[in-house]
Amino acid sequence: MAVRIRLTRKGRKKQPFYRIVVADSEAPRDGKFLDIVGTYDPMQNPAAIVIDNEKLAGWMRQGATPTETVESLIRKSGVQAAAAV
């Protein structure tokens, strides 16, 4: 079971809001997940990125890999775990 750190979409039509979640790579985009690591709100100006550093680092130590999009969000937010990416 490959574990990925990725986005799951929430919010209304034309008003997206995303959760940064840890999920099995074969699970559907908005399906089951293991843990919520943070949130991303692109509708705010500037976009709001909130990430729990401890949870993110813990999952990455266990072998979870972020998607390209989540990796760029981690870099933009300046989280300490970005060095592990």
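Note: hydrogens, waters and symmetry copies are ignored here, and every other heavy atom, side chains too, is used. Bear in mind that the values here come from a model prediction, so they are computed numbers and not experimental data. Residue numbers start at 1 and run along the sequence shown.
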**Item:** Leu7: which of Thr69, Thr39, Thr67 passes side chain to side chain contact (heavy atoms under 4.5 Å, CB included)
**Value:** Thr69
**Asked** Can you list the residues that meet the side chain to side chain contact (heavy atoms under 4.5 Å, CB included) rule with Ser72, with sequence neighbours excluded?
**Response** Arg75
**Asked** Which value, rounded to the nearest 0.5 Å, describes the distance between Leu73 atom CG and Ile20 atom CD1?
**Response** 5.5 Å
**Prompt:** Are any of the side-chain heavy atoms of Met60 and Ile5 separated by less than 4.5 Å?
**Reply:** yes
**Prompt:** Roughly how far apart are Asp24 CG and Leu34 CG, rounded to 0.5 Å?
**Reply:** 7.5 Å
**Prompt:** Mind checking what makes side chain to side chain contact (heavy atoms under 4.5 Å, CB included) contact with Pro42, not counting sequence neighbours?
**Reply:** Pro16, Tyr18, Tyr40
**Asked** Do the side chains of Lys76 and Ile49 get nearer than 4.5 Å, heavy atoms only?
**Response** yes
**Item:** Members sharing Phe33's hydrophobic cluster (side chains within less than 4.5 Å)
**Value:** Val21, Ile36
**Request:** Only counting residues at least two apart or in another chain, list the ones meeting side chain to side chain donor-acceptor pair (under 3.5 Å) with Arg12.
**Result:** Gln15
**salt bridge (charged side-chain N to carboxylate O under 4.0 Å, His left out): pairs with one or both residues in residues 26-45, sequence neighbours excluded** = Asp35-Lys55
**Request:** Quick one: closest heavy-atom pair of Arg4 and Ser25, and the distance?
**Result:** CG-CB, 3.7 Å
**Message:** Would you say Val3 ends up clustered with Ile74 if hydrophobic residues are merged whenever their side chains have heavy atoms under 4.5 Å apart, either directly or through other cluster members?
**Reply:** yes
